[in-house]
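Report on the structure given below.
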Amino acid sequence: MADARFPIQRVTDNKEKGVSYKENFKRYNKAKASEFYLECLWILYAMIEDRTSSFLYYIGFTSEKNRSSVTGTKKIKKEIREILEIKQQNAKYRFNTLSGKLTRIKELLMWCSKEHETLTDYQKALIKTLKPVADSSDFKNALNYLESEWRDKRNQLTHSLFNKNPNAVFAELLPLVENGYTAARKLDATIREIKKASIRLKFKIQ
């Protein structure tokens, strides 16, 4: 969670967001060319955090004001709890961590692949938009890789770098960067398609 005492200026619109992506991937390319792979991992992690948040946002799961929180539209919130099988009143949605977001996306895609007796209009829209994603082996492979091997090794390097053998670390870094980049780009391309469905707008989700 960001420290509110020391805020860093945020982008204000999609144009500034595009500039941010462009500048950060200039850094990524420079870092990779110089074999600064740890910096590459840091940039990729930030991108994957942002893209998983966008995935949940464009399908209406998260709040207009805070993408770490569930939507404030009560009817949709109730339907989301149904989809994710959240029964406890105070259960966490886990939209504020990368592991939580990846898990929730996987749960949602599994729900899309099931047979359902009755569905609301919102749930029908989700299935129409996400069934091709749920059926895509490329996307599922990318998601599984990010959730398991990539995230685990990245966390090891973040939290215990100095307890790892330097030669073993270096041998892991380049494939971790390249495979992470490929998976992140697959995630990004999928979200661009999901955005076109305009689910938030159709159901007036706040």
Once you round to the nearest 0.5 Å, how far does [atom1] of [X] lie from [atom2] of [Y]?
{"X": "S69", "Y": "L56", "atom1": "OG", "atom2": "CG", "answer": "12.0 Å"}
{"X": "T62", "Y": "F95", "atom1": "OG1", "atom2": "CZ", "answer": "7.0 Å"}
{"X": "K22", "Y": "N24", "atom1": "NZ", "atom2": "CG", "answer": "13.0 Å"}
{"X": "K17", "Y": "T12", "atom1": "NZ", "atom2": "OG1", "answer": "11.5 Å"}
{"X": "K15", "Y": "S20", "atom1": "NZ", "atom2": "OG", "answer": "14.5 Å"}
{"X": "D121", "Y": "L126", "atom1": "CG", "atom2": "CG", "answer": "11.0 Å"}

Heavy-atom side-chain contact between [X] and [Y] under 4.5 Å:
{"X": "F61", "Y": "L84", "result": "yes"}
{"X": "I80", "Y": "I86", "result": "no"}
{"X": "F55", "Y": "L130", "result": "yes"}
{"X": "Y93", "Y": "K77", "result": "yes"}
{"X": "L108", "Y": "I59", "result": "yes"}
{"X": "E178", "Y": "K32", "result": "yes"}

In the single-linkage hydrophobic clustering (I, L, V, M, F, W, Y; side-chain heavy atoms under 4.5 Å), do [X] and [Y] co-cluster?
{"X": "L174", "Y": "F170", "value": "yes"}
{"X": "L102", "Y": "M110", "value": "no"}
{"X": "L119", "Y": "Y122", "value": "yes"}
{"X": "I8", "Y": "V11", "value": "no"}

Atom CZ of R27: over 12 foreign heavy atoms under 6.0 Å: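 At most 12 heavy atoms, drawn from other residues, nucleotides or ligands, come within 6.0 Å of this atom.
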
N14, CG: over 12 other non-hydrogen atoms inside 6.0 angstrom: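 Counting neighbours around CG of N14, 12 or fewer heavy atoms of other residues, nucleotides or ligands fall under 6.0 Å, so no.
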
Can you give me every donor-acceptor pair (side chain of residues 35-44, partner residue at least two apart or in another chain, under 3.5 Å) with its distance?
none

Step-by-step ring-ring contact (aromatic ring centres under 6.0 Å, His included) determination, Y28 to Y181: CA-CA 10 Å; Y28 172 89; Y181 179 86; 5.3 Å; yes

Is there any salt bridge (charged side-chain N to carboxylate O under 4.0 Å, His left out) pair reaching into [range], and which pairs are they, with sequence neighbours excluded?
{"range": "residues 156-169", "result": "none"}
{"range": "residues 150-160", "result": "E149-K153, K153-E172"}
{"range": "residues 54-75", "result": "E64-R200, K75-E79"}

Candidates R104, K140, K106 - the one meeting salt bridge (Lys or Arg N to Asp or Glu O under 4.0 Å) with E147: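 The single option meeting the salt bridge (Lys or Arg N to Asp or Glu O under 4.0 Å) with E147 is K106.
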
Is a side-chain N or O of [X] found less than 3.5 angstrom from the main chain of [Y], in a donor-acceptor match?
{"X": "T71", "Y": "Q206", "result": "yes"}
{"X": "H116", "Y": "Q123", "result": "no"}
{"X": "N179", "Y": "P175", "result": "yes"}
{"X": "W150", "Y": "L176", "result": "yes"}
{"X": "E49", "Y": "Y45", "result": "no"}

Working for side chain to side chain contact (heavy atoms under 4.5 Å, CB included), residues L143 and L109: CA-CA 11 Å; L143 201 63; L109 296 182; 4.2 Å; yes

Heavy-atom pair with the smallest gap, counting every atom of G60 and I76: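 Result for this residue pair: O-CG2, 3.9 Å.
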
Residue pairs, two or more places apart or on separate chains, that pass side chain to side chain donor-acceptor pair (under 3.5 Å) and touch residues 126-138: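 Of all non-adjacent pairs touching residues 126-138, those that pass side chain to side chain donor-acceptor pair (under 3.5 Å) are K131-D135.
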
Pairs involving residues 188-197, ordered by first then second residue, that meet side chain to side chain donor-acceptor pair (under 3.5 Å) (sequence neighbours left out):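 For residues 188-197, and leaving out neighbouring residues, the side chain to side chain donor-acceptor pair (under 3.5 Å) pairs sorted by first residue read R51-D188, D188-R192, E193-K196.
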
Intermediate values then yes/no, side chain to side chain contact (heavy atoms under 4.5 Å, CB included), I199 and I194: CA-CA 9 Å; I199 290 175; I194 291 170; 5.6 Å; no

S53 versus K101, side-chain donor and acceptor atoms under 3.5 Å: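 Present: a donor and an acceptor within the cut-off.
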
Distance-only side-chain donor-acceptor flag, N141 / K186, under 3.5 Å: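 Their side chains do not contain a donor-acceptor pair, so the 3.5 Å distance test is not met.
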
Stepwise side-chain hydrogen bond (donor to acceptor under 3.5 Å, both in side chains) test for Q156 and S160: CA-CA 5 Å; Q156 288 184 53; S160 57; 5.6 Å; no

Check against side chain to side chain contact (heavy atoms under 4.5 Å, CB included), L146 and I48: CA-CA 9 Å; L146 291 174; I48 296 162; 3.6 Å; yes

Check against side chain to side chain contact (heavy atoms under 4.5 Å, CB included), F203 and T73: CA-CA 10 Å; F203 293 93; T73 305; over 6 Å; no

